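Everything numeric in this text was worked out from a predicted model, so none of it was measured.
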Amino acid sequence: MADGAFGMTKALERETAGVWAKVKDHVTPLEWPAQAALISEINALKRERNAVILAHNYMTPDIFHGVGDYVGDSLGLAKEAARSDARVIVQAGVHFMAETSKILNPDKTVLIPDPLAGCSLATSVTGADVRLIKARYPGLPVVTYVNTTADVKAETDICCTSANAVQVVEWAAKEWGVDRVILIPDEFLARNVAAQTSVGIIAWKGRCEVHERFTAADIAEMRAAWPEAEILAHPECPEEVLSAADFAGSTAAMSDYVEQRRPRQVVMITECSMASNVAADAPGTQFIGPCNMCPHMKRITLLNIRDCLRHMQFEVTVPEDVAERGRLAVQRMIDLPPPTIPARYDLVRARHHVAVELI
Ligand code: 13P
Ligand code: SF4
(Lines give C-alpha, C1' and ligand atoms only; values in the text may rest on other atoms or scores of the structure.)
(Ligands and ions follow the chains in the order given, each with its own letter.)
Protein backbone atom coordinates (compact mmCIF):
# COMPACT_ATOMS: atom_id res chain seq x y z
CA MET A 1 0.00 0.00 0.00
CA ALA A 2 1.42 3.44 -0.93
CA ASP A 3 2.05 5.87 1.93
CA GLY A 4 -1.24 7.64 2.59
CA ALA A 5 -3.40 5.19 0.61
CA PHE A 6 -6.79 5.08 2.38
CA GLY A 7 -5.14 7.07 5.22
CA MET A 8 -2.60 4.28 5.92
CA THR A 9 0.97 5.44 6.59
CA LYS A 10 3.96 3.15 6.12
CA ALA A 11 4.65 3.36 9.87
CA LEU A 12 1.11 2.28 10.75
CA GLU A 13 1.26 -0.46 8.15
CA ARG A 14 4.49 -1.78 9.70
CA GLU A 15 3.12 -1.51 13.25
CA THR A 16 -0.04 -3.48 12.45
CA ALA A 17 1.33 -5.93 9.85
CA GLY A 18 1.16 -8.88 12.28
CA VAL A 19 -2.51 -8.17 13.07
CA TRP A 20 -3.39 -7.71 9.39
CA ALA A 21 -1.95 -11.16 8.64
CA LYS A 22 -4.46 -12.63 11.11
CA VAL A 23 -7.55 -10.62 10.21
CA LYS A 24 -7.22 -10.23 6.44
CA ASP A 25 -9.86 -12.87 5.68
CA HIS A 26 -12.43 -10.95 7.75
CA VAL A 27 -11.61 -7.30 7.11
CA THR A 28 -11.58 -5.58 3.69
CA PRO A 29 -8.56 -3.50 2.60
CA LEU A 30 -10.89 -0.50 2.54
CA GLU A 31 -11.87 -0.95 6.21
CA TRP A 32 -8.39 -1.79 7.42
CA PRO A 33 -6.71 1.67 7.62
CA ALA A 34 -9.40 2.94 10.04
CA GLN A 35 -9.17 -0.25 12.11
CA ALA A 36 -5.36 -0.20 12.12
CA ALA A 37 -5.41 3.42 13.37
CA LEU A 38 -7.81 2.46 16.19
CA ILE A 39 -5.67 -0.55 17.14
CA SER A 40 -2.59 1.64 17.34
CA GLU A 41 -4.42 4.29 19.40
CA ILE A 42 -5.87 1.68 21.79
CA ASN A 43 -2.48 0.07 22.34
CA ALA A 44 -0.96 3.48 23.15
CA LEU A 45 -3.84 4.32 25.54
CA LYS A 46 -3.35 0.97 27.32
CA ARG A 47 0.27 1.89 28.08
CA GLU A 48 -0.71 5.40 29.19
CA ARG A 49 -3.49 4.16 31.50
CA ASN A 50 -1.68 1.02 32.74
CA ALA A 51 -4.61 -0.97 31.39
CA VAL A 52 -5.08 -4.53 30.24
CA ILE A 53 -7.76 -5.76 27.84
CA LEU A 54 -9.33 -9.12 28.66
CA ALA A 55 -11.06 -10.30 25.49
CA HIS A 56 -13.48 -13.20 25.18
CA ASN A 57 -13.23 -15.72 22.35
CA TYR A 58 -16.44 -14.27 20.84
CA MET A 59 -14.90 -10.86 20.16
CA THR A 60 -14.50 -9.97 16.48
CA PRO A 61 -11.04 -10.77 14.98
CA ASP A 62 -9.91 -7.10 14.96
CA ILE A 63 -10.38 -6.96 18.76
CA PHE A 64 -9.25 -10.53 19.44
CA HIS A 65 -6.00 -10.30 17.45
CA GLY A 66 -5.48 -6.54 17.55
CA VAL A 67 -5.90 -5.35 21.13
CA GLY A 68 -6.66 -8.31 23.46
CA ASP A 69 -3.82 -8.75 25.99
CA TYR A 70 -5.42 -11.93 27.19
CA VAL A 71 -7.92 -13.86 25.08
CA GLY A 72 -9.84 -16.90 26.22
CA ASP A 73 -12.96 -18.48 27.70
CA SER A 74 -14.85 -17.32 30.80
CA LEU A 75 -12.68 -19.42 33.11
CA GLY A 76 -9.45 -18.14 31.59
CA LEU A 77 -10.64 -14.52 31.74
CA ALA A 78 -11.61 -14.86 35.43
CA LYS A 79 -8.22 -16.40 36.26
CA GLU A 80 -6.41 -13.66 34.36
CA ALA A 81 -8.45 -10.97 36.12
CA ALA A 82 -7.32 -12.43 39.46
CA ARG A 83 -3.68 -12.50 38.31
CA SER A 84 -3.42 -9.12 36.58
CA ASP A 85 -1.38 -6.33 38.12
CA ALA A 86 -2.63 -3.63 35.73
CA ARG A 87 -4.43 -0.67 37.35
CA VAL A 88 -7.29 -0.73 34.84
CA ILE A 89 -9.10 -3.76 33.39
CA VAL A 90 -11.09 -3.30 30.17
CA GLN A 91 -13.49 -6.18 29.71
CA ALA A 92 -13.97 -6.88 26.02
CA GLY A 93 -16.92 -9.15 26.67
CA VAL A 94 -20.28 -8.93 28.40
CA HIS A 95 -21.35 -7.32 31.67
CA PHE A 96 -21.25 -10.42 33.90
CA MET A 97 -17.60 -10.92 32.91
CA ALA A 98 -16.77 -7.34 33.94
CA GLU A 99 -18.58 -7.86 37.26
CA THR A 100 -16.54 -11.01 37.85
CA SER A 101 -13.34 -9.02 37.23
CA LYS A 102 -14.52 -6.32 39.66
CA ILE A 103 -15.44 -8.88 42.32
CA LEU A 104 -11.89 -10.25 42.08
CA ASN A 105 -10.27 -6.78 41.94
CA PRO A 106 -12.14 -4.43 44.27
CA ASP A 107 -9.29 -1.89 44.19
CA LYS A 108 -8.92 -1.72 40.41
CA THR A 109 -10.91 0.23 37.86
CA VAL A 110 -12.93 -2.15 35.69
CA LEU A 111 -14.39 -0.69 32.49
CA ILE A 112 -16.79 -2.10 29.94
CA PRO A 113 -16.95 -0.43 26.50
CA ASP A 114 -20.76 -0.80 26.34
CA PRO A 115 -22.70 -1.29 29.60
CA LEU A 116 -25.65 -2.72 27.64
CA ALA A 117 -23.65 -5.83 26.67
CA GLY A 118 -25.78 -8.30 28.63
CA CYS A 119 -26.52 -12.02 28.48
CA SER A 120 -29.83 -13.92 28.36
CA LEU A 121 -28.55 -16.37 30.98
CA ALA A 122 -27.52 -13.61 33.40
CA THR A 123 -30.97 -12.01 33.20
CA SER A 124 -32.80 -15.34 33.63
CA VAL A 125 -32.32 -15.51 37.41
CA THR A 126 -32.07 -13.01 40.28
CA GLY A 127 -30.58 -13.10 43.78
CA ALA A 128 -34.14 -13.25 45.18
CA ASP A 129 -34.83 -16.34 43.01
CA VAL A 130 -31.75 -18.04 44.45
CA ARG A 131 -32.85 -17.29 48.02
CA LEU A 132 -36.21 -18.98 47.27
CA ILE A 133 -34.44 -21.97 45.67
CA LYS A 134 -32.23 -22.36 48.77
CA ALA A 135 -35.31 -22.27 51.02
CA ARG A 136 -36.88 -25.02 48.90
CA TYR A 137 -33.76 -27.26 48.93
CA PRO A 138 -32.08 -26.63 52.32
CA GLY A 139 -28.66 -28.22 52.76
CA LEU A 140 -27.88 -28.57 49.05
CA PRO A 141 -24.96 -26.60 47.61
CA VAL A 142 -25.71 -23.94 45.01
CA VAL A 143 -23.43 -24.05 41.97
CA THR A 144 -23.94 -21.16 39.57
CA TYR A 145 -22.60 -20.65 36.11
CA VAL A 146 -20.42 -17.50 35.91
CA ASN A 147 -22.97 -16.16 33.39
CA THR A 148 -24.88 -14.56 36.29
CA THR A 149 -25.07 -11.18 38.02
CA ALA A 150 -23.03 -10.29 41.10
CA ASP A 151 -26.26 -10.52 43.19
CA VAL A 152 -26.65 -14.15 42.16
CA LYS A 153 -22.98 -14.92 42.78
CA ALA A 154 -23.42 -13.50 46.31
CA GLU A 155 -26.01 -16.24 46.99
CA THR A 156 -23.79 -18.95 45.54
CA ASP A 157 -21.54 -21.57 47.14
CA ILE A 158 -19.27 -22.03 44.13
CA CYS A 159 -19.24 -20.80 40.54
CA CYS A 160 -18.47 -22.85 37.47
CA THR A 161 -17.96 -22.30 33.75
CA SER A 162 -18.64 -24.66 30.88
CA ALA A 163 -14.97 -25.71 31.13
CA ASN A 164 -15.19 -27.09 34.67
CA ALA A 165 -18.89 -27.63 35.46
CA VAL A 166 -18.64 -31.43 35.96
CA GLN A 167 -15.57 -31.04 38.18
CA VAL A 168 -17.23 -28.28 40.28
CA VAL A 169 -20.49 -30.22 40.72
CA GLU A 170 -18.59 -33.32 41.88
CA TRP A 171 -16.45 -31.21 44.23
CA ALA A 172 -19.54 -29.56 45.76
CA ALA A 173 -21.38 -32.89 46.25
CA LYS A 174 -18.32 -34.31 48.03
CA GLU A 175 -17.68 -31.21 50.19
CA TRP A 176 -21.32 -31.01 51.29
CA GLY A 177 -21.64 -34.81 51.61
CA VAL A 178 -24.79 -34.90 49.41
CA ASP A 179 -25.84 -36.75 46.26
CA ARG A 180 -27.65 -33.80 44.57
CA VAL A 181 -26.63 -30.23 43.81
CA ILE A 182 -28.41 -27.15 42.49
CA LEU A 183 -26.85 -26.06 39.16
CA ILE A 184 -28.29 -22.82 37.74
CA PRO A 185 -29.26 -21.02 35.54
CA ASP A 186 -28.51 -22.83 32.23
CA GLU A 187 -30.88 -25.76 31.75
CA PHE A 188 -28.88 -27.16 28.84
CA LEU A 189 -25.53 -26.94 30.61
CA ALA A 190 -27.18 -28.71 33.57
CA ARG A 191 -28.47 -31.50 31.32
CA ASN A 192 -25.04 -31.80 29.73
CA VAL A 193 -23.40 -32.10 33.15
CA ALA A 194 -26.01 -34.63 34.31
CA ALA A 195 -25.06 -36.83 31.34
CA GLN A 196 -21.48 -37.03 32.64
CA THR A 197 -21.84 -37.50 36.40
CA SER A 198 -23.70 -39.64 38.90
CA VAL A 199 -24.47 -36.55 41.03
CA GLY A 200 -28.18 -35.60 40.80
CA ILE A 201 -28.83 -32.17 39.26
CA ILE A 202 -31.54 -29.66 40.10
CA ALA A 203 -31.71 -27.12 37.28
CA TRP A 204 -33.27 -23.78 36.30
CA LYS A 205 -34.88 -22.94 32.97
CA GLY A 206 -32.37 -20.35 31.76
CA ARG A 207 -31.19 -20.47 28.17
CA CYS A 208 -28.46 -18.91 26.06
CA GLU A 209 -30.35 -17.20 23.26
CA VAL A 210 -27.50 -17.95 20.85
CA HIS A 211 -26.97 -21.66 21.52
CA GLU A 212 -30.59 -22.69 22.14
CA ARG A 213 -31.31 -22.02 18.44
CA PHE A 214 -29.15 -24.87 17.15
CA THR A 215 -31.04 -28.09 16.41
CA ALA A 216 -30.25 -31.75 15.72
CA ALA A 217 -31.47 -31.09 12.16
CA ASP A 218 -28.62 -28.55 11.73
CA ILE A 219 -26.13 -31.27 12.67
CA ALA A 220 -27.77 -33.86 10.39
CA GLU A 221 -27.60 -31.38 7.49
CA MET A 222 -23.92 -30.73 8.17
CA ARG A 223 -23.14 -34.45 8.35
CA ALA A 224 -24.89 -35.06 5.02
CA ALA A 225 -23.15 -32.15 3.28
CA TRP A 226 -19.70 -32.52 4.89
CA PRO A 227 -19.29 -36.18 5.95
CA GLU A 228 -15.60 -35.73 6.85
CA ALA A 229 -16.12 -32.65 9.07
CA GLU A 230 -15.63 -32.95 12.84
CA ILE A 231 -18.46 -31.25 14.71
CA LEU A 232 -17.75 -29.37 17.96
CA ALA A 233 -20.56 -27.86 20.03
CA HIS A 234 -20.73 -25.59 23.08
CA PRO A 235 -22.32 -27.14 26.22
CA GLU A 236 -25.02 -24.41 26.21
CA CYS A 237 -26.57 -26.16 23.18
CA PRO A 238 -29.66 -28.41 23.55
CA GLU A 239 -29.00 -32.02 24.51
CA GLU A 240 -30.02 -33.36 21.07
CA VAL A 241 -27.32 -31.19 19.49
CA LEU A 242 -24.61 -32.30 21.90
CA SER A 243 -25.52 -35.96 21.45
CA ALA A 244 -25.15 -35.63 17.68
CA ALA A 245 -21.83 -33.70 17.84
CA ASP A 246 -18.33 -35.22 18.04
CA PHE A 247 -17.17 -33.10 20.95
CA ALA A 248 -18.69 -30.74 23.51
CA GLY A 249 -16.53 -28.17 25.30
CA SER A 250 -16.04 -24.58 26.35
CA THR A 251 -14.79 -22.05 23.81
CA ALA A 252 -11.21 -22.68 25.01
CA ALA A 253 -11.68 -26.45 24.78
CA MET A 254 -12.95 -26.12 21.19
CA SER A 255 -9.96 -23.96 20.33
CA ASP A 256 -7.58 -26.53 21.91
CA TYR A 257 -9.31 -29.30 19.98
CA VAL A 258 -8.47 -27.62 16.66
CA GLU A 259 -4.94 -26.76 17.75
CA GLN A 260 -4.15 -30.29 18.90
CA ARG A 261 -6.09 -32.43 16.41
CA ARG A 262 -5.76 -30.21 13.34
CA PRO A 263 -8.93 -31.58 11.67
CA ARG A 264 -9.14 -31.17 7.90
CA GLN A 265 -12.67 -29.78 8.22
CA VAL A 266 -14.43 -28.57 11.33
CA VAL A 267 -17.85 -27.19 12.29
CA MET A 268 -18.09 -25.04 15.43
CA ILE A 269 -21.65 -25.00 16.75
CA THR A 270 -21.35 -21.73 18.62
CA GLU A 271 -20.99 -17.96 18.18
CA CYS A 272 -19.71 -16.82 14.76
CA SER A 273 -16.48 -15.04 15.76
CA MET A 274 -15.15 -18.20 17.40
CA ALA A 275 -14.29 -19.92 14.10
CA SER A 276 -12.90 -16.69 12.59
CA ASN A 277 -10.52 -16.26 15.53
CA VAL A 278 -9.34 -19.87 15.66
CA ALA A 279 -8.94 -20.06 11.87
CA ALA A 280 -6.13 -17.47 11.89
CA ASP A 281 -3.83 -20.00 13.60
CA ALA A 282 -5.11 -23.14 11.86
CA PRO A 283 -4.21 -22.72 8.18
CA GLY A 284 -4.71 -26.41 7.33
CA THR A 285 -8.29 -26.55 8.64
CA GLN A 286 -11.41 -25.61 6.71
CA PHE A 287 -14.07 -24.01 8.93
CA ILE A 288 -17.67 -24.65 7.88
CA GLY A 289 -20.91 -22.97 9.15
CA PRO A 290 -23.49 -22.70 10.66
CA CYS A 291 -23.03 -20.22 13.48
CA ASN A 292 -25.20 -17.76 15.41
CA MET A 293 -24.24 -14.21 16.38
CA CYS A 294 -24.42 -13.05 20.03
CA PRO A 295 -25.95 -9.54 19.87
CA HIS A 296 -24.51 -8.70 23.30
CA MET A 297 -20.91 -9.64 22.51
CA LYS A 298 -21.23 -7.75 19.22
CA ARG A 299 -21.90 -4.48 21.09
CA ILE A 300 -18.16 -4.32 21.79
CA THR A 301 -16.20 -2.62 18.98
CA LEU A 302 -12.74 -1.13 18.46
CA LEU A 303 -14.39 2.30 18.53
CA ASN A 304 -16.07 1.90 21.92
CA ILE A 305 -12.94 0.25 23.38
CA ARG A 306 -10.97 3.34 22.25
CA ASP A 307 -13.59 5.67 23.77
CA CYS A 308 -13.70 3.66 26.98
CA LEU A 309 -9.94 4.08 27.47
CA ARG A 310 -9.92 7.69 26.25
CA HIS A 311 -12.68 8.83 28.63
CA MET A 312 -12.27 6.12 31.30
CA GLN A 313 -15.91 5.09 30.80
CA PHE A 314 -18.02 2.97 31.68
CA GLU A 315 -16.94 1.88 35.12
CA VAL A 316 -18.42 -1.34 36.54
CA THR A 317 -19.01 -1.32 40.29
CA VAL A 318 -20.30 -3.95 42.72
CA PRO A 319 -21.36 -3.04 46.29
CA GLU A 320 -18.64 -4.35 48.63
CA ASP A 321 -20.94 -6.57 50.72
CA VAL A 322 -22.21 -8.25 47.53
CA ALA A 323 -18.69 -8.51 46.10
CA GLU A 324 -17.34 -10.06 49.26
CA ARG A 325 -19.91 -12.88 49.23
CA GLY A 326 -19.54 -13.41 45.48
CA ARG A 327 -15.73 -13.46 45.76
CA LEU A 328 -15.81 -16.60 47.89
CA ALA A 329 -17.81 -18.43 45.20
CA VAL A 330 -15.58 -17.28 42.32
CA GLN A 331 -12.34 -17.84 44.27
CA ARG A 332 -13.37 -21.38 45.23
CA MET A 333 -13.71 -22.14 41.52
CA ILE A 334 -10.38 -20.53 40.65
CA ASP A 335 -8.62 -22.46 43.41
CA LEU A 336 -9.66 -25.86 41.99
CA PRO A 337 -7.01 -27.57 39.85
CA PRO A 338 -7.34 -26.78 36.11
CA PRO A 339 -9.94 -28.96 34.36
CA THR A 340 -8.46 -31.77 32.30
CA ILE A 341 -9.27 -31.78 28.64
CA PRO A 342 -9.69 -35.42 27.63
CA ALA A 343 -6.76 -36.85 25.70
CA ARG A 344 -9.25 -38.42 23.31
CA TYR A 345 -12.04 -36.09 22.35
CA ASP A 346 -14.85 -38.60 22.55
CA LEU A 347 -16.87 -37.39 25.52
CA VAL A 348 -20.07 -37.10 23.56
CA ARG A 349 -20.05 -40.70 22.43
CA ALA A 350 -19.98 -41.79 26.10
CA ARG A 351 -22.99 -39.66 27.06
CA HIS A 352 -26.06 -41.10 28.71
CA HIS A 353 -29.45 -39.50 29.17
CA VAL A 354 -30.32 -38.57 32.76
CA ALA A 355 -33.43 -36.75 33.91
CA VAL A 356 -32.75 -33.50 35.76
CA GLU A 357 -35.19 -31.92 38.17
CA LEU A 358 -36.29 -28.55 36.77
CA ILE A 359 -37.29 -25.93 39.34
P1 13P B 1 -17.08 -20.02 27.58
O2 13P B 1 -16.93 -20.05 29.05
O3 13P B 1 -17.06 -21.38 26.96
O4 13P B 1 -16.12 -19.08 26.96
O5 13P B 1 -18.55 -19.47 27.25
C6 13P B 1 -19.01 -18.23 27.65
C7 13P B 1 -20.23 -17.85 26.94
O8 13P B 1 -20.81 -16.82 27.16
C9 13P B 1 -20.71 -18.82 25.97
O10 13P B 1 -21.88 -18.42 25.43
FE1 SF4 C 1 -24.85 -14.97 27.02
FE2 SF4 C 1 -25.17 -16.74 25.07
FE3 SF4 C 1 -24.21 -14.34 24.48
FE4 SF4 C 1 -22.71 -16.12 25.85
S5 SF4 C 1 -23.43 -16.31 23.75
S6 SF4 C 1 -22.99 -13.95 26.32
S7 SF4 C 1 -24.28 -17.14 27.09
S8 SF4 C 1 -26.27 -14.79 25.30
Side-chain angles (χ1 to χ4, degrees), residues 1-73 76-77 80-81 84 86-95 97-98 101 108-118 251 255 271-281 291 293-316:
M1 230 177 262
D3 209 15
F6 307 116
M8 181 68 118
T9 63
K10 281 284 169 209
L12 184 58
E13 196 178 336
R14 262 195 310 277
E15 183 189 330
T16 55
V19 184
W20 171 245
K22 299 213 174 209
V23 304
K24 63 181 177 348
D25 291 339
H26 310 285
V27 178
T28 66
L30 205 61
E31 294 171 299
W32 180 238
Q35 295 199 355
L38 281 170
I39 288 170
S40 173
E41 193 179 347
I42 290 167
N43 287 330
L45 280 165
K46 281 194 300 196
R47 290 189 291 276
E48 197 181 300
R49 305 284 196 201
N50 188 8
V52 71
I53 297 183
L54 306 184
H56 186 260
N57 286 325
Y58 293 162
M59 290 295 101
T60 49
D62 49 344
I63 297 173
F64 186 91
H65 294 293
V67 298
D69 294 294
Y70 178 85
V71 292
D73 67 355
L77 296 180
E80 195 55 33
S84 170
R87 201 180 60 78
V88 176
I89 293 177
V90 175
Q91 200 80 40
V94 291
H95 197 265
M97 295 176 174
S101 291
K108 289 184 186 154
T109 303
V110 175
L111 304 175
I112 187 153
D114 184 337
L116 294 179
T251 56
S255 180
E271 213 276 340
C272 299
S273 290
M274 182 73 208
S276 313
N277 292 332
V278 177
D281 295 313
C291 65
M293 199 90 94
C294 173
H296 311 291
M297 292 279 185
K298 265 38 209 187
R299 281 184 171 276
I300 309 301
T301 62
L302 281 177
L303 198 62
N304 61 25
I305 292 176
R306 192 275 312 268
D307 288 346
C308 139
L309 276 165
R310 195 186 256 183
H311 306 298
M312 293 299 280
Q313 66 190 22
F314 297 92
E315 186 166 359
V316 175

Does a side-chain heavy-atom distance below 4.5 Å link [X] with [Y]?
X: Ile305; Y: Ile53; answer: yes
X: Val90; Y: Leu54; answer: no
X: His311; Y: Leu111; answer: no
X: Ile300; Y: Tyr58; answer: no
X: Lys108; Y: Arg87; answer: no
X: Val316; Y: His95; answer: yes
X: Lys46; Y: Asp69; answer: yes
X: Met312; Y: Val88; answer: yes

Item to check | With sequence neighbours excluded, residues passing salt bridge (charged side-chain N to carboxylate O under 4.0 Å, His left out) with Arg49 | outcome: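 Salt bridge (charged side-chain N to carboxylate O under 4.0 Å, His left out) check on Arg49 returns nothing, list empty.
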Checklist entry - Any chance the side chains of Asn57 and Thr251 put a donor and an acceptor closer than 3.5 Å? => result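 Yes - a donor-acceptor pair under 3.5 Å links their side chains.
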Next on the checklist: Is it the case that the side chains of Thr301 and Asn304 hold a donor-acceptor pair, with the cut-off being a distance below 3.5 Å and no angle test?
Outcome noted: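 Short answer, yes.
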Item to check | Side-chain (Thr16) to main-chain (Leu12) donor-acceptor, under 3.5 angstrom | outcome: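 Yes.
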Next on the checklist: Regarding Glu48 and Arg310, does a basic nitrogen lie under 4.0 Å from an acidic carboxylate oxygen?
Outcome noted: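 The answer is no: the pair does not qualify as a salt bridge.
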What heavy-atom pair brings [X] and [Y] nearest, and what distance separates the two atoms?
X: Asn43; Y: Gly66; answer: ND2-O, 3.4 Å
X: Ile112; Y: Gln91; answer: CG1-O, 3.9 Å
X: Phe314; Y: Pro115; answer: CD1-CD, 3.4 Å
X: Val23; Y: Pro61; answer: CG1-O, 3.5 Å
X: Gly93; Y: Met297; answer: CA-SD, 4.2 Å

Item to check | Separation between CD1 of Ile42 and CZ of Arg47, rounded to the nearest 0.5 Å | outcome: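 Here the interatomic distance stands at 12.0 Å.
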Next on the checklist: Working to the nearest 0.5 angstrom, can you tell me the gap between Cys308 SG and Leu303 CG?
Outcome noted: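 Reported to 0.5 Å precision, the distance equals 11.5 Å.
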